[in-house]
Every structure is written in C-alpha cells, then in structure tokens.
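Fair warning: this is a prediction, and the values are worked out from it, not measured in the lab. When reading the values below, keep in mind they use all heavy atoms of this one structure, side chains included, and skip hydrogens, waters and symmetry mates. The first residue in the sequence is number 1, and the count goes up from there.
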Amino acid sequence: MTAPTSPSLRDRVADKLLTDCDLVMTGFETLPGGHSGLTYKVSTSGGDVVIKAVPEGQRSIGRHDMLRQATVLQALEHSDVPVPRVVAVDRTEPAWFAMEFVPGESIEPVLDDPEVEPALAASRMRRAAEILPRLHDIDFTVIEGINDPLTPAAELERWARTLAAVPPELVVGGDKLLQLLQDSVPAPIKPALVHGDYRLGNILSRGSEPVALIDWEIWSAGDPRVELGWFFVFADGSNFPDVGREVSGLPSTDELIDLYTDGGRPLPDLTWFDALGRLKMAAIMGHNLRRHREGRHHDPDQEKLPATINRLINTGTALLDR
C-alpha cells in the first residue's frame with residue numbers, strides 16, 4: 001500500500017490563506033535572491049503576499065528559522081519601525097509564514113545593480129540612519145525567544161572563530177587587525193534589538209523613504225554599535241574594489257553618526273566598531289572564497305574578492321593602529 005504523500009507547500013499555503021484569511025490564491029511564483037529558506041510571491045484575491053518557508057526536509061532552526069522571523073515581525077507590527085505585516089503563520093514543519101507584499105527597491109548602492117542615482121542613494125542612506133534608532137529603542141525583553149545580549153567581547157570572539165576558519169593566505173593581515181581589536185575591546189552599553197544585517201540592501205524604499213525593513217534571519221539582542229559599524233561599511237564604495245563602485249555624495253561616517261544620535265551625545269568607541277565591521281566583512285568574504293576554491297560552492301565571481309578583503313583589513317587596521 002502506498003503511503004500518503006504530504007501536501008505540497010503550494011497546497012498548504014492555499015488552504016491556510018483561505019481558512020485563516022479568507023484569501024483565494026491565484027498565483028504562486030519563486031522570488032530569487034534569498035539565501036536563507038525559500039521565498040515566494042503569492043497572488044491572492046486580496047492582493048499579493050510573500051511566503052518565507054523552511055526548505056523541505058528541514059526544520060525551523062538557525063538560518064531556516066522562519067518562525068523566529070515571524071515572531072520579531074509580529075512584535076514590531078505596531079511600532080514605528082517599518083516592517084511588513086505578518087498575514088499567516090503555519091507552525092507545522094516545514095514551517096512557513098506569509099507577510100504582506102511591500103512594493104519598493106532594496107538596492108545596495110555601492111554593490112548592487114542597477115546603479116542608484118547618487119543623490120537618491122545618499123538620501124536613502126541618511127533616512128536609514130534616522131530610522132535605525134527606532135529599532136534600537138524597542139523593548140526587546142518582551143519578545144518571545146530573545147537571546148541574552150552579546151557584549152562587544154562576545155561579538156568579537158564570534159568573528160574571531162569565523163576568521164580562524166579561513167586559510168591565512170586569504171585574509172592577509174587579519175590576525176593583526178584581530179589582535180588590535182582584542183587589545184581594545186570597549187565596555188558594553190545598554191543592549192538593543194538589532195537586525196543583524198542593517199543596510200540599504202535590506203531596506204525596501206519608495207523614493208528616498210524606507211517602507212519596510214526585511215530579511216530578519218539573524219536578529220538578536222546586542223550592542224547597537226555593532227549594527228552601526230556594519231552599516232558604515234556600506235557607506236563607502238572604496239571598501240569594495242573589484243566588486244563594487246564608489247558613489248559620489250554618500251554621507252560620511254560622522255554625518256551618519258550625527259543623524260543616528262540626532263545631534264545628541266556621540267556614542268563611545270565607534271571607531272572600534274567601524275573596524276569590527278570591516279573584520280566581519282573580510283571574514284565572510286574569506287569564507288566564501290574558501291568555499292569556492294575548495295569546490296564546495298562553485299562561483300567564479302568569488303575570485304574578485306581578494307582586493308576587497310585586503311582593503312577591508314588594511315583600512316580596519318589603520319583605524320586602530322594609531
């Protein structure tokens with residue numbers, strides 16, 4: 001006797017949307033570009049929604065934890081942080097959730113195509129710096145499943161492990177930058193809810209206005225300065241030789257800090273976090289290049305990374321080696 005087959009994701013989505021939301025599904029298509037889980041655009045009788053789903057055979061763990069993403073989006077629904085509204089959640093594994101489809105552009109000006117007109121790119125980056133404090137002001141302690149906040153020392157240790165897994169010849173000078181960071185770890189400040197990958201590539205904008213912060217795979221509680229340091233990396237196209245472009249008129253790090261603090265008292269030790277952001281990006285790129293060269297993920301574009309890795313390590317070192 002043949003065992004009954006499980007309903008397809010498409011069928012599960014159609015049933016859930018009809019039963020819970022009174023929405024009739026009329027279309028189901030894959031959205032490209034996601035790196036964690038599966039993403040689909042679904043047309044319904046009440047408008048389009050986006051589905052984020054755990055891959056078949058996987059569970060809601062780590063980068064595939066769609067239920068955790070749904071949790072933080074639901075927690076932010078009535079806040080002044082712009083996020084898509086969650087429409088439905090199916091906790092049966094492989095789990096998935098549906099959120100409203102928000103029209104807009106999520107383009108990283110210094111990395112992505114098509115190119116963004118410089119004045120628009122600068123305006124979007126300024127607005128992103130102004131919006132970020134809204135996220136960091138959220139009371140994260142009420143969010144279900146929140147982890148203990150990472151201190152700067154714990155954050156650095158995490159990335160030290162990533163760097164150590166990369167062959168030294170792919171991250172030349174990384175050991176020196178790491179040592180400089182370890183020798184001057186700042187004291188923690190009040191932790192905050194952090195997105196984990198805050199940049200224009202993860203912000204849907206209409207014109208210059210941010211309308212939805214997306215891709216919440218690695219949200220957590222942590223030091224808000226870690227988030228700022230990462231954001232700074234993408235404010236300067238010279239950080240990305242061979243893989244990116246310089247965009248004239250982007251706001252300086254000092255201007256972004258001023259916008260974030262609204263002219264108030266500057267946050268301490270931001271130079272350290274700027275350097276940490278560069279180490280993180282160098283370690284990630286070194287890891288990706290290693291996987292390509294070992295044949296684990298064939299992608300010839302990874303061979304463009306060495307100049308950027310060197311640039312990030314050298315400029316991060318220069319920030320601290322004074």
Side-chain angles (χ1 to χ4, degrees), residues 3-79 81-108 112 135 143-147 193-199 201-205 211-220 284 288 291 296-297 299:
T5 59
S6 301
S8 68
L9 175 64
R10 182 180 183 131
D11 290 340
R12 292 173 61 199
V13 169
D15 289 346
K16 184 79 169 176
L17 292 179
L18 181 60
T19 302
D20 289 9
C21 310
D22 198 26
L23 296 174
V24 177
M25 189 175 78
T26 58
F28 190 96
E29 61 180 287
T30 301
L31 283 178
H35 299 288
S36 299
L38 307 172
T39 307
Y40 303 92
K41 181 180 178 182
V42 173
S43 302
T44 80
S45 56
D48 294 337
V49 299
V50 173
I51 304 297
K52 298 280 285 187
V54 176
E56 190 67 33
Q58 302 288 332
R59 298 184 64 82
S60 296
I61 298 172
R63 64 191 180 95
H64 295 314
D65 196 341
M66 300 306 156
L67 298 178
R68 188 170 182 272
Q69 291 184 49
T71 294
V72 72
L73 290 173
Q74 289 172 317
L76 293 172
E77 180 176 347
H78 300 295
S79 74
V81 179
V83 293
R85 180 177 60 88
V86 173
V87 175
V89 179
D90 186 346
R91 297 182 178 277
T92 302
E93 297 289 2
W96 60 270
F97 73 93
M99 57 186 169
E100 65 178 335
F101 176 80
V102 180
E105 288 186 332
S106 55
I107 301 175
E108 198 65 61
D112 296 341
L135 175 63
I143 302 177
E144 181 182 350
I146 191 75
N147 59 304
L193 176 63
V194 295
H195 177 272
D197 192 11
Y198 191 84
R199 54 189 179 85
N202 285 329
I203 300 174
L204 286 166
S205 297
V211 291
L213 180 53
I214 58 174
D215 291 345
W216 288 84
E217 288 88 353
I218 55 175
W219 69 272
S220 66
I284 290 168
N288 291 340
R291 292 180 69 230
R296 294 161 59 192
H297 178 70
D299 181 1

task = Could you please spell out the steps behind the side-chain contact (heavy atoms from CB on, under 4.5 Å) verdict for Phe101 and Val87?
result = CA-CA 10 Å; Phe101 176 80; Val87 175; over 6 Å; no
I'd like a table of donor-acceptor pairs (distance under 3.5 Å, sequence neighbours excluded) in which one partner is a side-chain atom from residues 18-32, with atom names and distances.
{"unit_1": "Thr19", "atom_1": "OG1", "unit_2": "Asp15", "atom_2": "O", "d": "2.8"}
{"unit_1": "Asp20", "atom_1": "OD2", "unit_2": "Lys16", "atom_2": "NZ", "d": "3.0"}
{"unit_1": "Thr26", "atom_1": "OG1", "unit_2": "Ser43", "atom_2": "O", "d": "3.3"}

message = Between Leu76 and Trp216, is the side-chain contact (heavy atoms from CB on, under 4.5 Å) condition met? List the steps.
response = CA-CA 12 Å; Leu76 293 172; Trp216 288 84; 3.5 Å; yes
Taking every non-hydrogen atom, the tightest pair across [X] and [Y]:
X      : Y      : result
Val49  : Thr44  : CG2-CG2, 4.3 Å
Glu93  : Arg59  : OE1-CA, 3.6 Å
Leu17  : Ala98  : CD2-CB, 4.3 Å
Arg12  : Pro94  : NH1-O, 2.9 Å
His195 : Ile214 : NE2-O, 2.8 Å
Gln69  : Lys52  : OE1-CE, 3.7 Å

query = Any side-chain heavy atom of Glu105 sitting closer than 4.5 Å to one from Ser205?
reply = no
Look up atom [atom1] in [X] and atom [atom2] in [Y], then write down how far apart they are to the nearest 0.5 Å.
X      : Y      : atom1 : atom2 : result
Ile203 : Asp215 : CD1   : CG    : 11.0 Å
Thr39  : Trp96  : OG1   : CH2   : 13.5 Å
Asn202 : Glu217 : CG    : CD    : 7.5 Å
Leu38  : Leu9   : CG    : CG    : 7.5 Å
Met99  : Gln74  : CE    : CD    : 12.0 Å

ask   = Picking from Val50, Leu73, Ile51, what satisfies side chain to side chain contact (heavy atoms under 4.5 Å, CB included) with Phe97?
value = Leu73
ask   = Run the side-chain contact (heavy atoms from CB on, under 4.5 Å) check on Leu67 and Arg91 step by step: do they pass?
value = CA-CA 7 Å; Leu67 298 178; Arg91 297 182 178 277; 3.9 Å; yes
inquiry  = As a quick check of understanding, evaluate side-chain contact (heavy atoms from CB on, under 4.5 Å) for Ser60 and Arg68, giving each step before the final call.
reply    = CA-CA 8 Å; Ser60 296; Arg68 188 170 182 272; over 6 Å; no
